[in-house]
Structures are given as structure tokens and as C-alpha cells.
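Take a look at the structure set out below.
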There are 2 protein chains.
Amino acid sequence: MPVGFNTDDLMRLDELVATRKKVKQGGLLFSEGDAFTSLYAIRTGFFKTCVTSEDGREQVTGFQMAGEIIGLDGIVSDFHSCNAIALEDAEVCVMPFVNVEELSREFPVLQRHVHKIMSREIVRENGIMMLLGNMRAEERLAAFLLNLVQRLHARGFSQSELILRMTREEIGSYLGLKLETVSRTFSKFSEEGIIEVKQRYVHIIDPEALKKIFNPQVCY
Amino acid sequence: MPVGFNTDDLMRLDELVATRKKVKQGGLLFSEGDAFTSLYAIRTGFFKTCVTSEDGREQVTGFQMAGEIIGLDGIVSDFHSCNAIALEDAEVCVMPFVNVEELSREFPVLQRHVHKIMSREIVRENGIMMLLGNMRAEERLAAFLLNLVQRLHARGFSQSELILRMTREEIGSYLGLKLETVSRTFSKFSEEGIIEVKQRYVHIIDPEALKKIFNPQVCY
DNA sequence: CGAGTTCTTGACAGTGATCAAGCGACGTGG
DNA sequence: CCACGTCGCTTGATCACTGTCAAGAACTCG
């Protein structure tokens, strides 16, 4: 959004993303109960966010990659309500939320941008609710793969090949399935020639078949 | 938030919520694909929001009551991505989003308020993901009842009695269950003396038992 | 009062969970 | 460089929860 800003404006916006933080693979960027101070823009690396119930069950609420924002959960109560864990070595921009708000007041395009990011997250979660509430294991995994490869492609990676950064268990948690079911479903897709799987490596041979599984609508 | 505002400020804030709209039971406040222009604050009545998949499956994404805000889904793309349906005759304040943004820039407390509302929705949906991904039918329904009665109580209604505004099917859709399962689970709670159910009327006899079902953690 | 909707309940089926065992990949240290 | 241990993945057998199908009852509203 480099339109209509003078040098001073740009400097101040630049400052917002000046602070960097590195997180090692397996490390926590923030966790449940931490005081909320900042949003984080992922520069490199890959994260999962998850919540845990009192009796220890874990629910992965999302996987985030470069360019995506995490930490929005903390705004409402000034405390984070989920954990953000790096699935590979990562670097983030630390954006103190008071600064985000201050600059938002000055720059309507930034304000709108922030609102869109939050709205996008709400809409994404609506989609996950549909997935978890209405879809069967195969549909869930097909949707998951299509979403992942689409986001990677938007970042310049292959449209048909990817390396999963998460375990079967984490995929299962996200999709409301057990790891065995995830594994079996991968195997099934593989047997049907839709994908090729070798551990974390996935090659999508027939994306149309995946789309059809995800969305088995009327065929005229 | 009536602190530090002069008369002119208050008039402008008042203007934001001046426009009213009535929606009859069963009526749509907005639906998927509608252009997004406004957020809506519910004054009276009860809504459900839902998304539909291409092949016609419906997922209820939330139930909203007086004081709650709907329409946040539309911000990201300028089009609504869900339907908002009145489950009883309702009245809402129409808040044009451009005005919300303009006033947010002027009044930091309003800005913060808007951010919290969006964050709260994100956190709520995280909780639903946990529900849908990890919990069994009884846990889901217990959580649902506790949440509903808590929100009603915050509005001055009974802590132990409520009238459901939605069908078993809508509850089921929200909780990722079929209506028969919802009905059976109600019956089971009733047989166990935890609640008394008669159609839409529910009396919570033993809230502690519900909490224990919802959260069956270690008991020392 | 009657038609249609909503709810309850039963019998049965199916999807995915659970339990269990073995395999394969990876990393560390000898 | 290889051995070993750990962790993650796959696959099989069985089970349980919830879904599906069906019928009838209860309630609502015109």
C-alpha cells in the first residue's frame, strides 16, 4: 500500500514491523495465559496454533505460514487464549498492538487492512466449522490438502507438490480425526492414484479428483 | 463508555446506531453473496448465522442474542459469506461500516471495542472447533446449554430455565450432530435428572452435573 | 379442527475410534 | 560409518458412537 504516504509516514509504518523475533522449531511464540501485547506477522517458517481443554485434549485451530498474522486471539481479554508453536525455525515481526491501533487511526488503509485480517480469520473458522460439523474424513483431508497447496502456490511454491510441516496427529487434531484415520485416508487417496505420499512429502497427481471429493455436488 | 465525550461526540455516536431495522421471524437480515455495508447490533430478538456448502449442507455457525454484533464476516471481501436468519421477530441497529471505521479513528475506546468484538468472535470459534473436533455428543450439548443459559443470565433471565429459540436440527447443525442425537441426548439428561425438557422449554436442575459432563477432568 | 412441522423413540448400519503390532526414517553417539 | 533408540507412520482387527431410516406422537398455527 505505497500510495499517498510521505517519507515520514513510511518511516513510522516501517517502525511497526522493525522488531524481529526468532523462534526455533518446537518453540512457543506465545502460549495460553500469556499477556497480550503484540500481533505477529510471520516472515519465515511455519506455525500451528492450538487450544487445550482442561482435561488436556488439544485442538489445533490453524496452521500459519509466511505473510500470515497470529495473535488476534489475545485482543479480547488482553491474554492469549491459544498457543502458537513453530513447526520449523521461524522469524516473525513483532507488532505492538498499541502501535497498530495508533497507526490505524491515522491511516485508513491500514485500519481497513487490520479489519480485513480479522474478518478473514472469522470466515476461515466458519469454513472449518462446516468441515468439522458436516464433512467426512475424506472430504476433510481433501479440503485440507487443497487449501494448503493453494496457499503455498500463492507464495511461489509448486501447485502439485508439498512437504507437510506437521505430523499426522496434528493434521488429525485440526480436522477432528485421529492420526490413524489421517494415515488411512492418505493411503486410500494414494491407492486411488489421486496423490503420491511418502511420509511428509505429498504429490497431488489429480487435483480435480480432490476437488470432487471435497465438493461432491450435483453432476449434470 | 460515557467518559470523556462532549455533547457533539455523543450525538455522532448516537447517530451510528440511529437506524433501525425490523426482521420478522424466519426473515433474512442478510445472506451469502449480499454486498456488505453494515454491521448489525441486535436490539431484540434472536438470530442464527449459517453457511451452506455447494452441495446444500448447512452449518449453523452461531446463535446471537440482544447486544451481540453480526455481519463481521462481510468485511474481508465486501460480501457476506453467511446467512443471518431471525429465529424470532427481531430489531437491529444498522451501523454502516464506513461510519464505524470513521468514528473508530476518532475515538480510541470505540476502536478498541470493535477490535475486541472481532477477537471475541475468533476466540468463540476456537472453542467451537474444540467442541466439534474433540468432544462427544453429551459434552457438546452440555457445553451448549451452559453457554446459552450463561448468556441469558447476563441479560437478566433465569439461571436455570430457558426457552430454546431454535429447533433440534439447528442445535444439531451447530454442534455437528443429527437432530435425533440431540433429541436422544436431551432425553438422556432428562432421565438422569440433570435437566427437565418439554419441547423448547428447558429447566436445568443440576448445573454442576452439566459442568462435569462438559469438563470431565481429573477429580482428586 | 386439521395440515404441517417438530420432536421422540426404536432398530440397524456405518464411519471412524481404539487397541495393537510392526515398520521406516531420522538423529545421535560410539 | 554404523548401531541403536526414538519418534512418526502404516496397517489390521475390533468396537462404539453416532448416523440413517422409519414410524408415530406432540405441538403449532392458520
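In the text below, chain A, chain B and the rest are named by the order of the sequence lines, each starting its count at 1. Quick caveat, the model's predicted, so the values are computed rather than measured.
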What does [X] touch in the nucleic acid at a heavy-atom separation under 4.0 angstrom: a base, only the sugar-phosphate, or nothing?
{"X": "A:L179", "result": "base"}
{"X": "B:R200", "result": "sugar-phosphate"}
{"X": "A:G176", "result": "sugar-phosphate"}
{"X": "A:T167", "result": "sugar-phosphate"}

Between the two end axes of the helix from C:dC1-D:dG30 to C:dG30-D:dC1, each built from 5 base pairs, what angle do you get to the nearest 10°?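 The angle separating the two end axes equals 50°.
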
[N] [atom2] sits how many Å from [X] [atom1], rounded?
{"X": "A:L164", "N": "D:dG8", "atom1": "CG", "atom2": "P", "value": "14 Å"}
{"X": "B:R136", "N": "C:dT18", "atom1": "CZ", "atom2": "C1'", "value": "13 Å"}
{"X": "B:D89", "N": "D:dC29", "atom1": "CG", "atom2": "P", "value": "11 Å"}
{"X": "A:K188", "N": "D:dC9", "atom1": "NZ", "atom2": "P", "value": "21 Å"}
{"X": "B:I171", "N": "C:dT8", "atom1": "CD1", "atom2": "C1'", "value": "14 Å"}
{"X": "B:Q25", "N": "C:dT6", "atom1": "CD", "atom2": "P", "value": "10 Å"}
{"X": "B:M166", "N": "C:dC7", "atom1": "CE", "atom2": "P", "value": "11 Å"}
{"X": "B:E169", "N": "D:dT20", "atom1": "CD", "atom2": "C1'", "value": "14 Å"}

Backbone N/O of A:T49 and side chain of A:T61: donor-acceptor pair under 3.5 Å: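 Indeed, once roles are kept as given, a pair shorter than 3.5 Å links the two residues.
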
Closest nucleotide among [options] to the [X] side chain:
{"X": "A:S183", "options": "C:dA25, D:dT11, C:dT9", "result": "D:dT11"}
{"X": "A:R168", "options": "D:dT20, D:dC9, C:dT8", "result": "D:dC9"}
{"X": "A:K178", "options": "C:dA17, C:dC7, D:dT18", "result": "C:dA17"}

Using the ring of each side chain (for Trp, its six-membered ring), is A:F36 parallel, tilted or perpendicular to A:H80, with breaks at 30° and 60°?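 Ring orientation, 0 to 90° scale: perpendicular.
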
Drop me the distance from A:I70's CD1 to A:E121's CD, to the nearest 0.5 angstrom.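 Here the interatomic distance stands at 10.5 Å.
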
Do NZ/NE/NH1/NH2 and the carboxylate oxygens of A:E208 and A:K212 come within less than 4.0 Å?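 No, no charged N to carboxylate O under 4.0 Å.
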
If we only count heavy atoms from C-beta on, is the B:I213 to B:L141 side-chain gap below 4.5 Å?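 B:I213 vs B:L141: side chains apart.
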
Side-chain contact, heavy-atom cut-off 4.5 Å: B:F157 with B:L162? no

C:dT18 base to A:R184 side chain: any donor-acceptor pair below 3.5 Å? yes

Test of ring centre spacing under 6.0 Å for A:F47 and A:Y40: no

For B:V197 and for A:A137, find the nucleotide of DNA chain C with the closest heavy atom, then tell me which residue's nucleotide is more 5'.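 This one resolves to B:V197.
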
Starting from the 5' end of DNA chain C, give me the residue, A:M135 or A:E180, whose nearest nucleotide shows up first. A:M135

Can you tell me if the side-chain N/O atoms of B:S187 get under 4.0 Å from OP1 or OP2 in C:dT9?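 B:S187 to C:dT9 OP1/OP2: side-chain N or O found under 4.0 Å.
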
Might you point out which heavy atoms bring A:L87 and A:Q25 nearest each other, and give the distance in Å?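 That closest heavy-atom pairing would be O-NE2, 3.2 Å.
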
